[in-house]
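In this text, all values refer to a predicted model and were calculated from it rather than measured experimentally.
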Amino acid sequence: MSRDKRGRTNRFTTGMQKKLAVLFVLVLLAFVGLSARLVVINKENGEKYKKQVLSQQEYDSKTIPFRRGDILDSKGTKLAVSEKVYNVILDAKIMLDDEKAVEPTIAAVQSELGIDGSVIRERLASHPESSYYVLKKQMTYEEISGFKALEVDKEQGTNIKGIWFEEEYKRKYPNNTLASDAIGFTTSDNQGLYGLEQYYNDVLSGTPGREYGYLNGDAALERTTIAAVDGNSIVTTIDANIQSIVEKYLKEFDDQYKNNHLERNGSNNTGCIIMDVNTGEILAMASYPVFDLNNTKNSEDLIGMPMVDELGNKTGEYITAENLAAMEGTEQLDQNFNALWRNFCINDTYEPGSVAKPFTVAAGIDSGSITGNETYTCNGFLEVGDYKIKCHNIYGDGPLTVAQGVERSCNVVMMYVNMATGKDTYIDYQHIFNFGLKTNIDLAGESRTASLVYDKNSLGPTELATNSFGQGFNVTMIQMIAGFCSLINGGNYYEPHMVSKIVSPSGATVQNIEPRILKQTVSESTSEIIKEDCNLVVSGENGTGKTARPAGYMIGGKTGTAETLPRGNNEYVVSFMGYAPANDPQIAIYVVVDRPNVTYQDDAKYATRIVRKILTEVLPYKGIFMTEELSDDERAELEALQIEITTPVAPETTDEDSQTADGAQGDASGGTSGAEDGTGKAQAQNGEEGNDYTEVWKTFPIDPQTGYAIDPETGELVDPETGHSVTGENSTPAGRTGANGTSGSGSSQDDGNPF
């Protein structure tokens, strides 16, 4: 103890000061040593500790995937769903941090996940610093549950390290090929491609979430989670049961005619649309060939299709197993898959043929150009300009009313009607009926046809004549059936649509999509006349669509054929467009067969028979009561199909009804005619209906192999009931160009790439 100058005692002695200085030096040295050690640790093991704290995906930042919305049919059946799946991820760095964990982990991966252990060993050797490597993709929870059980096992789990599971969703289509064209599919990054998946991609897609992991001040792990927002679901107007019926009979047709005449499918394409006449709702939409939505790149589905080149243009060949092998890994193969995935019903264009005749008559009557009561004489051809344009019946149908012209599908009557209508009015009604325009159906890929129809400047007298029976301009199936529905429902043009409702992930309705009437195409009185005319096509004595009538029902409609380009190739698009029941149309159906695989394609029965089979099942399923008494054969047919039979009330008959009976089979369309006269055999008399007229073709001998009649003078094959030539010349004069100066309209031609 010492004293200061004033005599006060000083308790902080010199010795204490020395000790404090020593302590300070020691502390300073400790900090210096610790800092040096931290530098060494960071240099040698910094990445290891960083990985353990921040880089483990289970605990650190990760993306939370959203669930894509479902696609359902009108009754709630799931057509497309998203299923949670798991990618197996290898973290080589974590696994190698504990060498004792390598072999037990590999053994568990092999036994529980079915992954070859050599793959892991190779990855550990080649990329020991890797923290993310996908060993296997999209495993189900059931497939990984065994491994997860081992991980939490107190004994075995301690030696399992470096494996974790990344969650995502996989698009699944429970019905495989059902409605494949209409639904479309998704890419690997969950984006819609084709059909509803593409059109409603923004609706079906959600927003991914995010989970952030970090250490707080106490070195404890904290999490912040931004939840994913799942996509909305869509309820379609498709009825899966009706869709299944349609696809069953399209496949049956292909099975029947596959490799029949040539080594190819039963047709280039066979399409069918069923539509609610009074709402525009699509109940079914299908074409053949189909593809599996769960395996979209199965190359076997391509066999039998028309081949396309690297630019997507048809080569004239068909795909076989041999030339398919040569396309493996090429751009050409991808183009052929694109051709398979296209929706024929909205994307491919073709000349409609005689199914356009009701539109021709409707334009004439609705505009006041004709009354519908006129009578015209068909001598088998009509001279227009420098051309003699043949009727379907080269022997002539004699004097016919406009209604009989529709019933018999007479080209000459239609040409007279269009002459009376005039090109300006005709073109105006083409636009009213929406030809040349999109329908704006809610599907991706609808083709534009503006360049495939005529305008007032390009339509000459010959084109006006050939357009009257559906040659010289192109349409899509959806254009035709949407316009046709307006002809038979009182004139209301509904926008065709595939979706009726959008639903949130919780099940709440986000939006109801109501039917939309876009315009009035014709008056109600004109609509009634068109129905009467189209009813005769099926019920009339000389109707061309008898074979379309389903068991127990009377329907109306129109047959059609159109020769494809180049003219004279004897390749045709045949079709039937109709409605049921005849007295109160509720549904419309349109079947198109693009180049049936037969020797003589010019016969609409290839389409009408499909229609008959489909409607025989669909109409009872829809609860539409039968309108006709059943024959014994029809009753047996329905019993075999296990369809409930409802005996109809016998309708009151009129004098006009009593004059009609089941009549001619086959088609009489604008698909056959040309520059040659081909007349003189029909003893037609100019004048009013009722004059003597000889149906000379009914006297021809029948070819036992084909069932067609043979003209003894020319050797041509003709339908023995209608006189329709199945081996005749084309209807569009040779050398004529198509709409807007193009090379003409042929089946399956496009106005550019809609995608």
Side-chain angles (χ1 to χ4, degrees), residues 45 47-68 81-172 190 206 208-228 230 505:
N45 301 299
E47 288 299 318
K48 171 184 175 181
Y49 295 124
K50 180 181 178 182
K51 178 66 179 177
Q52 289 177 340
V53 176
L54 297 176
S55 298
Q56 295 184 42
Q57 293 290 330
E58 308 98 307
Y59 305 113
D60 188 27
S61 174
K62 67 177 181 180
T63 298
I64 302 173
F66 65 83
R67 184 181 185 279
R68 189 175 177 87
V81 297
S82 291
E83 177 184 87
K84 183 177 283 189
V85 291
Y86 304 84
N87 297 332
V88 184
I89 308 300
L90 168 64
D91 189 328
K93 202 162 191 179
I94 290 294
M95 188 179 293
L96 291 173
D97 280 345
D98 186 354
E99 293 185 358
K100 295 183 299 181
V102 173
E103 291 304 321
T105 303
I106 291 176
V109 169
Q110 285 189 136
S111 63
E112 300 299 331
L113 301 179
I115 299 172
D116 189 352
S118 63
V119 175
I120 300 177
R121 291 188 178 91
E122 181 181 340
R123 184 69 184 178
L124 293 176
S126 61
H127 296 79
E129 299 298 313
S130 171
S131 299
Y132 183 91
Y133 179 72
V134 180
L135 290 172
K136 195 170 184 178
K137 288 187 173 184
Q138 298 187 339
M139 298 187 72
T140 64
Y141 184 80
E142 290 73 20
E143 291 172 329
I144 69 169
S145 59
F147 184 87
K148 281 187 164 292
L150 283 179
E151 278 189 307
V152 298
D153 186 271
K154 292 183 178 180
E155 295 182 3
Q156 301 181 67
T158 56
N159 290 322
I160 296 177
K161 297 180 180 179
I163 297 293
W164 56 279
F165 299 96
E166 179 182 60
E167 295 180 358
E168 65 178 24
Y169 287 95
K170 180 181 180 180
R171 202 62 164 165
K172 300 282 287 185
N190 216 21
R210 194 81 178 175
E211 183 180 273
Y212 300 92
Y214 62 93
L215 296 176
N216 61 19
D218 297 325
L221 184 68
E222 297 283 353
R223 289 192 184 91
T224 298
T225 301
I226 301 175
D230 293 339

Check: Can you tell me how far OG1 of Thr158 sits from CG of Asp98, rounded to the nearest 0.5 angstrom?
Finding: 9.0 Å
Notebook entry, point to check: Sequence neighbours excluded, which residues qualify as salt bridge (Lys or Arg N to Asp or Glu O under 4.0 Å) partners of Lys137?
Noted result: none
Checklist line | Non-hydrogen atoms of Ala228 and Pro65 that approach each other most closely | finding: CB-O, 3.6 Å
Next item on the list: Nearest 0.5 Å please: distance from the CD1 atom of Ile144 over to the CD1 atom of Ile163.
Entry: 12.0 Å
Checklist line | Under the salt bridge (Lys or Arg N to Asp or Glu O under 4.0 Å) test, residues paired with Arg121 that sit two or more places apart | finding: Glu103
Notebook entry, point to check: So do the side chains of Tyr86 and Glu166 get within less than 4.5 Å of each other, counting heavy atoms only?
Noted result: no
Next item on the list: Drop me the distance from Leu124's CG to Asp91's CG, to the nearest 0.5 angstrom.
Entry: 10.0 Å
Note to self: Asp116: which residues meet the salt bridge (Lys or Arg N to Asp or Glu O under 4.0 Å) condition with it, sequence neighbours left out?
What the structure shows: none
Note to self: Is it the case that atom CD in Gln138 sees more than 12 heavy atoms from other parts of the structure closer than 6.0 Å?
What the structure shows: yes
Item checked: Residue pairs, two or more places apart or on separate chains, that pass ring pair (Phe, Tyr, Trp, His ring centres under 6.0 Å) and touch residues 103-126 -> none
Notebook entry, point to check: Less than 4.5 Å apart, any side-chain heavy atom of Leu135 and any of Ile89?
Noted result: no
Next item on the list: Decide yes or no for Thr105 and Ile120: does some side-chain heavy atom of the first lie under 4.5 Å from some side-chain heavy atom of the second?
Entry: no
Item checked: Check: Arg67 side chain, Ser82 main-chain N or O, donor-acceptor pair, under 3.5 Å -> yes
Check: Does the side chain of Arg210 come under 3.5 Å of the side chain of Thr63 through a donor N or O and an acceptor N or O?
Finding: yes
Margin query: So Leu96 and Glu129, do their side chains get closer than 4.5 Å, heavy atoms only?
Written below: no
Check: Which pairs with one or both residues in residues 141-152 pass salt bridge (Lys or Arg N to Asp or Glu O under 4.0 Å), sequence neighbours excluded?
Finding: none
Check: If you measure from CZ on Arg123 to CG on Leu90, what distance do you get to the nearest 0.5 Å?
Finding: 7.5 Å
Notebook entry, point to check: For the atom pair CG (Asn190) and CZ (Phe66), what is the distance rounded to the nearest 0.5 Å?
Noted result: 4.5 Å
Next item on the list: Under the salt bridge (Lys or Arg N to Asp or Glu O under 4.0 Å) rule, collect the residues that match up with Glu168, sequence neighbours excluded.
Entry: none
Next item on the list: Quick one: closest heavy-atom pair of Leu150 and Ala108, and the distance?
Entry: CD1-CB, 3.9 Å
Next item on the list: Kindly compute the distance separating OG (Ser118) from CD (Gln110), expressed to the nearest 0.5 Å.
Entry: 7.5 Å
Note to self: Check the orientation of Trp164 and Tyr132. Use parallel for under 30°, tilted for 30 to 60°, and perpendicular for over 60°.
What the structure shows: tilted
Margin query: Between Leu113 and Phe165, is there a side-chain heavy-atom distance shorter than 4.5 Å?
Written below: yes
